[in-house]
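Inspection log for the structure reproduced underneath, given as structure tokens.
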There are 2 protein chains.
Amino acid sequence: MNLPERQIAETGDANRLALEGFLPYRLARAAEIISRQFATLYRERHGLTRPEWRTLATIGQFDRITATEIGAHSSMHKTKVSRAIRALEERKWITRQVDDIDRRIEHIELTREGRTHYRDLVTLARSYEAKLVQTLGETGIGQLEAGIAAIERKHT
Amino acid sequence: MNLPERQIAETGDANRLALEGFLPYRLARAAEIISRQFATLYRERHGLTRPEWRTLATIGQFDRITATEIGAHSSMHKTKVSRAIRALEERKWITRQVDDIDRRIEHIELTREGRTHYRDLVTLARSYEAKLVQTLGETGIGQLEAGIAAIERKHT
DNA sequence: CTGCGGTGGTTGCGTTCGCAACTGTTCTGC
DNA sequence: GCAGAACAGTTGCGAACGCAACCACCGCAG
């Protein structure tokens with residue numbers, strides 16, 4: 001019974017909302033902080049944008065994959081994927097080859113150079129995650145992951 | 001000792017990264033899902049954009065406030081705030097008055113109409129948060145909040 | 001009182017975004 | 001075997017973004 005004690009406590013006034021206590025806001029803010037922090041790393045080191053990093057990470061994870069699959073796996077809109085692919089292709093980090101039997105489909109793979117960058121990106125990601133564990137603490141990370149997992153569970 | 005067991009387990013290959021298991025990605029995705037879901041509500045109901053909603057929420061929380069303060073409180077860039085304020089002013093939901101002694105400063109308040117919308121927005125937010133508690137579960141929410149709190153603690 | 005650094009807020013501009021429309025191709029049903 | 005639905009991927013376009021430059025104003029030093 002009567003659950004919103006927490007929220008009321010924050011402003012002391014039921015007719016106001018404390019933005020800093022509102023979960024969607026806090027979540028968005030937290031994600032923004034982490035995302036920006038990590039983005040700085042791969043931007044400075046590889047000159048990648050956020051969509052490009054996600055695309056590269058997905059291709060590297062699967063070796064050979066199509067654009068739509070990239071979008072599905074990395075939660076990105078078709079157009080973002082398309083543009084990221086073009087950018088990576090221009091850098092010669094990936095190649096595409098049209099499928100033999102279904103010519104709508106393009107299979108994307110990493111070039112040798114792309115693979116080099118991917119490997120470096122993986123260690124970068126691992127070390128950032130490790131640093132995160134260090135600064136937030138094992139329990140903090142665990143709680144965060146559990147909370148996120150709850151969201152993932154409900155929204156496919 | 002040896003902590004990254006979790007990550008290795010996800011791909012079964014230490015040279016690859018499982019995007020879907022990478023915390024920054026998962027966090028960004030979760031935030032995106034929640035943010036969009038809630039945004040749909042206030043967009044459909046009040047025709048507000050995300051910066052406008054944050055701005056309105058902040059003004060309503062403090063009655064009388066300046067643009068810089070709004071930015072600081074809602075983690076938004078000056079220009080976003082400036083444009084949101086203009087939009088809200090055009091709708092006649094807020095008024096500004098230049099400070100008497102320091103004429104660089106503008107004090108912003110809600111109009112009666114603005115206050116009406118704000119109140120509705122607050123109940124909308126509360127009910128969305130309640131729904132969130134319901135779908136994610138008390139423990140899920142608790143864990144998520146604890147995780148976010150860890151981030152907030154470290155990054156001011 | 002004057003010049004000059006700092007601050008509140010706005011604007012210009014190039015970039016990114018996401019929707020909708022499009023091209024080219026395959027699949028389906030008749 | 002042909003018309004139309006469905007699908008992979010691209011492109012055009014208006015809206016939103018964020019940076020840097022800017023304007024107006026304050027406050028301080030000399």
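Proteins come first, then strands; the chains are lettered A, B, ... in the order of their sequence lines, and each starts at number 1.
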Length of the CZ-C1' vector between A:Arg83 and D:dG12, whole Å: 9 Å

Within one Ile-Leu-Val-Met-Phe-Trp-Tyr cluster: B:Ile70 and B:Ile105, side-chain cutoff 4.5 Å: no

Touch class at under 4.0 angstrom, heavy-atom based, for B:Arg86 against every strand present: sugar-phosphate

DNA chain C: 5'-proximal contact among B:Glu69 and A:Lys80 (nearest heavy atom): B:Glu69

OP1 or OP2 of D:dG9 under 4.0 Å from side-chain N/O of A:Thr68: yes

Taking every non-hydrogen atom, the tightest pair across B:Ile148 and A:Leu144: N-CD1, 4.0 Å

Residue-phosphate contact under 4.0 Å: B:Ser82 side-chain N/O, C:dT10 OP1/OP2: yes

Whole-Å distance separating the NE2 atom of A:His77 from the P atom of D:dT11: 15 Å

pair B:Thr95-B:Glu89: side-chain heavy atoms closer than 4.5 Å: no

Length of the line joining A:Ile70:CD1 and D:dA8:C1', which is rounded to integer Å: 12 Å

Members of residues 88-105 of chain A that approach DNA chain D, where some heavy atom sits under 4.0 Å away: A:Arg96, A:Arg104, A:Ile105

Contact summary for B:Arg16 and A:Tyr118, nearest pair of heavy atoms: CA-OH, 3.6 Å

side-chain N/O B:Lys78 vs C:dT10 OP1/OP2, d < 4.0 Å: no

Closest heavy-atom pair and its distance - B:Ala67, B:Val81: O-CG1, 3.6 Å

Whole angstrom value for the distance that separates P of D:dA16 from CD1 of B:Ile85: 16 Å

Side chain to side chain contact (heavy atoms under 4.5 Å, CB included) between B:Trp53 and A:Leu19, intermediate numbers included: CA-CA 10 Å; B:Trp53 132 254; A:Leu19 187 62; 4.2 Å; yes

Under-3.5 Å donor-acceptor pair between A:Arg36 side chain and D:dG18 base: no

Pairwise 5' ranking along DNA chain D for A:Thr79 and A:Glu32, keeping only the more 5' one: A:Thr79

Interatomic distance where CZ belongs to A:Arg43 and C1' belongs to D:dC19 [whole Å]: 12 Å

Aromatic contact, B:Phe22 with A:Phe38 (centres under 6.0 Å): yes

